[in-house]
Amino acid sequence: MSSGYAGSILIIDLTDGTWERVPLDGQEMFIGGRGINTRLLSDRSRPGLDPLSPDNPIVLGAGPLIGTLVPTACRLSVEFRNVITSGLGSGNAGGHFAAEMKYAGYDHIVITGKAPGKTYLYITNEEVCFRDAQEIWHSDTWSTELAIRSREKNLRLRTMCTGQAGINGVAFASIVVDRGRTVGYGGGGAIMASKNLKAIAVHGTGPVEVAHPKELLNTLDRYMKTTFRRSKAVQAHQRGGTLLPYQSAGSSRPHGVRNMSDEYWPDTATASISREEFDRDYVVQRKSCFACPVYCSSLYEVEGIRTEGFHANSFRAFGSNIDATSARGAFLANALTNRYGMDGDHTSSVIAWAIECFENGLITTADTDGLELRWGDIDTVITLIHQIARREGFGGRVLAAGLHEASRLIGRGSEKLAMLIKKNGLMEAATRTNKGWALGIMTSTKGGGHLRGAPGQEAQAITPEQSREIFGIDHLPEPTSYDRKAELVVWQERYKAITDSVGICIFSTGWSDVELAPVPFLCDLLELVTGISWSPEELMRAGERIQTVERMYNLVHGGFDRKDDMPPRKLMDTSVSDGRYRGEHLDEEHWNRMLDEYYRLHSWDIPTGQPTEHALREIGLSNLIESASGAGIELPQ
Amino acid sequence: MITVDTTICVGCRTCELICSFSKTGKFQPSRSLIQITFDDQCSCTWTLDPLCDSCYECVRRCPVHAIRPEREYDRSDGLQ
């Protein structure tokens, strides 16, 4: 075992009620966190298996920097087979859970099987306890943690759990960590419930040792002083989380409006859900994740419901994407999705689709049991959230199945209005205007979304010198250009794979501010913490390896290739209606050229988008050639 | 000695990290002399072991200045 790592993987079989501790390996190839998780998942997945089958594992990972003083090193990586796409299910949550895992002595936890009865796990340094969860089975995510704290008489334990949405089999049920942080995409909450697993609680008391303690402290002190605290992005998030910079930009930034039909939302609308009002009337206290000096989270209360969060995504989900301008309604909708344990992005996506269908006569009151679905009607959105989580009415019958399945159930051409990528519901901004951003979202191995290769750097003011030094691109064109964007996306994919694998938060990386956490600095941190030397090239190569394992997982288990990297037609057929980006849309020919370049940079096959045998061998993944072959897929040479 | 303003504390536990590190050379919150916990409403509470020797490493690194020293200390190397 080297420093930084706890050195162990905990493997739990729920069916037999047994567990074992095995030595950690794979650090040199996959770093840790998301990287090793993906390998563990890939090794344990069989093609054709239902995502809700007991044989599919849930894998948790806490990267090597977690548990130390490295700022924001707290991110819990969770990987599993995606309920909605059948490909990769993946998410990354803050809070304190991952740090407690490390202090309990585990870098990763693999959970397989299905418990014979309703169960929660309580993990400490010494043992894994299988507890009866019958009494808390139908509790919401907040109450679940309180009940477990009380039962275990331990106020320092941390939980991840599934709420009523997962218990009731909602396809996009999330896993809620620490009461307020979420592994949103992929239906992880439904998978937990299918295993009869309500929650995992963990508390550790052991140490995390580092290879070079004194040098680490000096390096961190210097970094905090010269870079971190001076970052304008960090300062903005400290002032008002992600909501403040997103909302205060008003109509000058591209949004996601009315089921992503537009990206212009007027200033009067953007001002309606304001950070100032949130702080004044709803926030109880600012909160941070473990070891995080950004403290972007807020504990807030609305109509007697206490929760955490309300970020830029929540603003989009329960504001612009349904064209609603009620602050109270948006805060309440977000609180409910947290408490029920359902992905806010997918919730918005499927409800916005239903509203657009209703407005176009494809869904009528005969389908909705009399409910009128109209843009801007947040109260009906809240009714639908309750219905989805409780599996009642139109929400429970149709929307709870997820956008892909719901549009199939309704039919009648409603499929054309479904904003889907790789069968997953999209709820994003700037997908017509910022071309690299759009490419990163559509190619994301999570099944869409901006938390893989979508480059936040594209919209930053970056000097040609910085661009050359960091990305090897002489001049980074404006966001609306297609030029050089494939290069930027491939760079960000590798970089994001690294930051997720070491365990730091995206808001403390170059995605947020190009000055933060550059690759050579991450090499320094890894050496000081773990004693393992990485060159920037080796680290980026590990990033490519992780990205490629995920791409292969989606090919083998989801059947996804080039055709699934094409954006929904709406983004090509309709343009931004007004404002600074009026007229912007995606052009199919330009998109295809950008995609060609994206595959070429990965050394993947351009016509199919599949990784080639040659590319896999080059990065030490020959074993995946056999896995693909076993699934009946002959990869291009 | 120190006091913690719980209305400001955001609960990052940087104080626990630096305290345990200063005393043991390892990151081990369970051995920190200052302990931060959260009640059922998510508000933080704190305790301090009498063995605290007022090194003020936690004061220097608290990102929101929630930890206050009982007496004046040399701020020239203050990090926050």
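Lettering of chains follows the sequences in order, A, B, ..., and the numbering in each one begins at 1. The figures that follow rest on heavy atoms only: side chains count, while hydrogens, waters and symmetry mates do not.
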> When rounded to the nearest 0.5 angstrom, what distance separates OG1 in B:T37 from CG in A:L155?
Replying inline: 6.0 Å
> For B:R61 and A:D221, what are the C-alpha separation, side-chain angles and deciding distance, and is it a side chain to side chain contact (heavy atoms under 4.5 Å, CB included)?
Replying inline: CA-CA 9 Å; B:R61 285 179 175 77; A:D221 284 348; 2.6 Å; yes
>> To the closest 0.5 Å, what do you measure between SG (B:C9) and CZ (A:R286)?
In response: 13.0 Å
> In terms of heavy-atom proximity below 4.5 Å to chain A, should B:T7 be classed as side chain, backbone, both, or neither?
Replying inline: backbone
> How far apart are the closest heavy atoms of B:F21 and A:L217, and which atoms are they?
Replying inline: CE2-CD2, 3.8 Å
> Do you know the tightest heavy-atom contact between B:F27 and A:Y103?
Replying inline: O-CE2, 3.5 Å
> Where on A:R158 is there a heavy atom nearer than 4.5 Å to chain B: the side chain, the backbone, both, or neither?
Replying inline: side chain
>> Is A:L69 close to chain B through its backbone or its side chain, or both, or neither, when contacts mean heavy atoms under 4.5 Å?
In response: both
> Going through the checks in order, is the side chain to side chain contact (heavy atoms under 4.5 Å, CB included) test met by A:R179 and B:C42?
Replying inline: CA-CA 9 Å; A:R179 295 188 237 175; B:C42 241; 4.0 Å; yes
>> Does B:R31 have more than 12 heavy atoms from other residues, nucleotides or ligands lying within 6.0 Å of its CZ?
In response: no
>> Is B:T6 in contact with chain A via its backbone, its side chain, both, or neither, using a 4.5 Å heavy-atom distance?
In response: backbone
> Which heavy-atom pair separates B:Q41 from A:R306 by the least distance, and what is that distance?
Replying inline: O-NH1, 3.0 Å
> Considering all heavy atoms of both residues, which atom of B:G11 and which atom of A:H96 are nearest to each other, and what is their separation?
Replying inline: O-CE1, 3.2 Å
>> Taking the side chain as everything from C-beta on, heavy atoms only, tell me whether B:C12 gets closer than 4.5 Å to A:F290.
In response: no
> Which pair of heavy atoms, one from A:Q285 and one from B:I8, lies closest together, and at what distance?
Replying inline: NE2-N, 4.0 Å
> Using a cut-off of under 4.5 Å for heavy-atom pairs, which of A:G180, A:G67, A:S297, A:S150 has the most such pairs with chain B?
Replying inline: A:G67
>> Tell me which of these, A:K102, A:R149, A:R156, A:K214, has more heavy-atom pairs under 4.5 Å with chain B than the rest.
In response: A:R156
> If you tally heavy-atom pairs under 4.5 Å against chain A, which of B:C44, B:P29, B:C15 wins?
Replying inline: B:P29
> Closest approach of A:A291 and B:L17, non-hydrogen atoms and distance?
Replying inline: CB-CD1, 3.7 Å
> Going from CZ on B:R13 to SG on A:C292, what distance comes out if it is rounded to the nearest 0.5 angstrom?
Replying inline: 13.5 Å
>> Quick check for you: among A:P293, A:G206, A:C289, which has the greatest number of heavy-atom pairs under 4.5 Å with chain B?
In response: A:G206
>> Run the ring pair (Phe, Tyr, Trp, His ring centres under 6.0 Å) test against A:Y282 and tell me which residues pass, sequence neighbours left out.
In response: A:F331
> Side chain, backbone, both or neither: which part of A:V208 has a heavy atom under 4.5 Å from chain B?
Replying inline: both
>> At a 4.5 Å cut-off on heavy atoms, which part of A:L157 comes close to chain B: side chain, backbone, both, or neither?
In response: neither
